[in-house]
Amino acid sequence: MSRVRTGPVLGLTVQTVLLAGLAVTVGLDVAGWLAGLAYGVVTCVALRRGLRRRDADRLGPADQVTLARGVLVGGVTALVVSALDGSAPLGVLVPMTAVALALDAVDGWVARRTRTVSALGARFDMEVDAFLILVLSVQVAPAVGPWVLAIGGLRYAFVAAGWLLPWMRGSLPPRFWRKVVAAAQGVLLLVVAADLLVRPVTAVLAAVALALLVESFGHDVGWLWWHRSTRPARPAAPTPATSISVPLVPSVVVLPSVPSVRPRVEAVTDRPFVAHQPV
């Protein structure tokens with residue numbers, strides 16, 4: 001069996017082992033198990049399809065780091081879903097989330113050092129980031145209020161808007177502030193989820209995260225609207241010298257985030273999915 005097949009399958013296997021470990025130590029209900037397994041299966045299928053379309057023979061070093069981070073996100077997902085009717089084991093959830101956020105900087109560094117930056121890796125990284133923010137939003141919603149779900153949902157709303165408004169599917173130019181906002185979302189939501197501060201303070205932190213996110217999305221929507229007339233109505237037919245971008249997984253099913261704090265996406269030019277992740 002080729003490494004194209006074994007890489008994603010290995011990730012699914014490790015995901016299952018992690019879920020089993022969580023079930024034995026802190027406990028997972030049926031919903032948590034199903035959520036964690038569904039996440040792992042979607043990730044595995046999406047990676048295999050992405051590798052096949054890219055005609056790659058294996059996951060790159062940075063992609064392997066992102067896969068490890070994705071496995072942790074699957075564990076966080078299972079814990080959050082299991083705790084919808086109660087309280088999540090913060091002693092496990094918070095460190096696991098912190099490691100996942102820390103690895104968000106490692107895979108970009110590995111990609112640059114090994115010169116293995118790719119569109120597939122950038123998209124994979126972006127989707128893992130996005131889903132982690134969505135899950136953290138669900139975790140803190142009972143304490144802060146349902147409005148905090150907008151933090152995790154804005155990115156997917158942006159993608160959905162692109163289905164209806166073609167001008168929102170354009171590529172955005174690099175913007176350093178976008179990276180700052182991206183990093184702030186995970187950190188602020190993790191602080192809120194840790195439940196170490198009084199509720200008014202956590203509400204303020206969540207509100208700051210949402211305000212930063214709205215500003216970043218608003219800036220990018222405005223830029224796309226302003227430049228909508230400069231893009232052709234339909235893409236030119238590909239030629240042998242024209243690269244064809246292939247998304248890793250449909251945004252409607254993929255794993256809340258936000259783009260990475262490192263420039264893995266920006267290292268790949270002319271990528272239409274960049275506009276789908278404006279923060």
Side-chain angles (χ1 to χ4, degrees), residues 1-16 18 36-74 77 100 103-104 106-112 114-135 155-156 158-160 162-163 169 171-172 182 235 238 240 242-278:
M1 182 178 290
S2 69
R3 294 183 66 179
V4 170
R5 297 178 181 274
T6 59
V9 172
L10 178 60
L12 178 58
T13 302
V14 176
Q15 181 75 82
T16 305
L18 175 61
L37 286 176
Y39 171 93
V41 170
V42 170
T43 301
C44 177
V45 172
L47 276 178
R48 292 183 65 181
R49 192 173 91 174
L51 287 168
R52 189 179 301 113
R53 289 187 173 184
R54 199 183 69 172
D55 196 25
D57 61 345
R58 61 178 179 174
L59 291 172
D63 299 333
Q64 294 173 10
V65 176
T66 306
L67 181 59
R69 185 160 59 90
V71 169
L72 292 176
V73 174
T77 301
L103 288 177
D104 191 25
V106 174
D107 52 7
W109 179 84
V110 171
R112 293 189 297 273
T114 59
R115 298 182 179 180
T116 54
V117 175
S118 69
L120 175 64
R123 182 60 183 269
F124 183 29
D125 172 66
M126 181 182 68
E127 297 299 347
V128 172
D129 288 345
F131 197 71
L132 177 58
I133 298 302
L134 179 60
V135 171
R155 185 259 172 163
Y156 295 103
F158 186 92
V159 174
W163 298 339
R169 295 196 292 265
S171 297
L172 290 165
T242 303
S243 61
I244 303 176
S245 60
V246 179
L248 169 63
V249 58
S251 297
V252 68
V253 297
V254 287
L255 331 177
S257 140
V258 267
S260 169
V261 77
R262 61 209 178 284
R264 288 186 67 187
V265 173
E266 295 173 7
V268 183
T269 59
D270 196 24
R271 300 296 303 165
F273 66 76
V274 175
H276 294 171
Q277 189 62 30

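Numbering of residues begins at 1 and proceeds along the displayed sequence.
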For [X] versus [Y], what's the shortest heavy-atom pair and its separation?
X	Y	result
Ala100	Val73	CB-CG2, 4.4 Å
Val110	Thr116	O-OG1, 4.4 Å
Gln15	Gly70	OE1-O, 3.8 Å
Gly40	Leu12	C-CD1, 3.5 Å
Leu120	Gly50	CD1-CA, 3.9 Å

Looking at [atom1] of [X] and [atom2] of [Y], how far apart are the two atoms once the value is rounded to the nearest 0.5 Å?
X	Y	atom1	atom2	value
Asp107	Phe124	CG	CZ	9.0 Å
Leu47	Arg52	CG	CZ	11.5 Å
Arg123	Arg54	CZ	CZ	14.5 Å

Within a strict 4.5 Å, meaning less than it, do heavy atoms of the Asp104 and Leu132 side chains meet?
no

With side chains defined as the heavy atoms from C-beta onward, is the minimum distance between Cys44 and Val9 less than 4.5 Å?
yes

Using a distance-only test with no angle check, is there a side-chain donor-acceptor pair under 3.5 angstrom linking Thr66 and Asp125?
no

Is there a side chain to side chain contact (heavy atoms under 4.5 Å, CB included) between Val14 and Leu67? Walk through the geometry before answering.
CA-CA 10 Å; Val14 176; Leu67 181 59; over 6 Å; no

Presence of salt bridge, Arg58 and Asp63, under 4.0 angstrom:
no

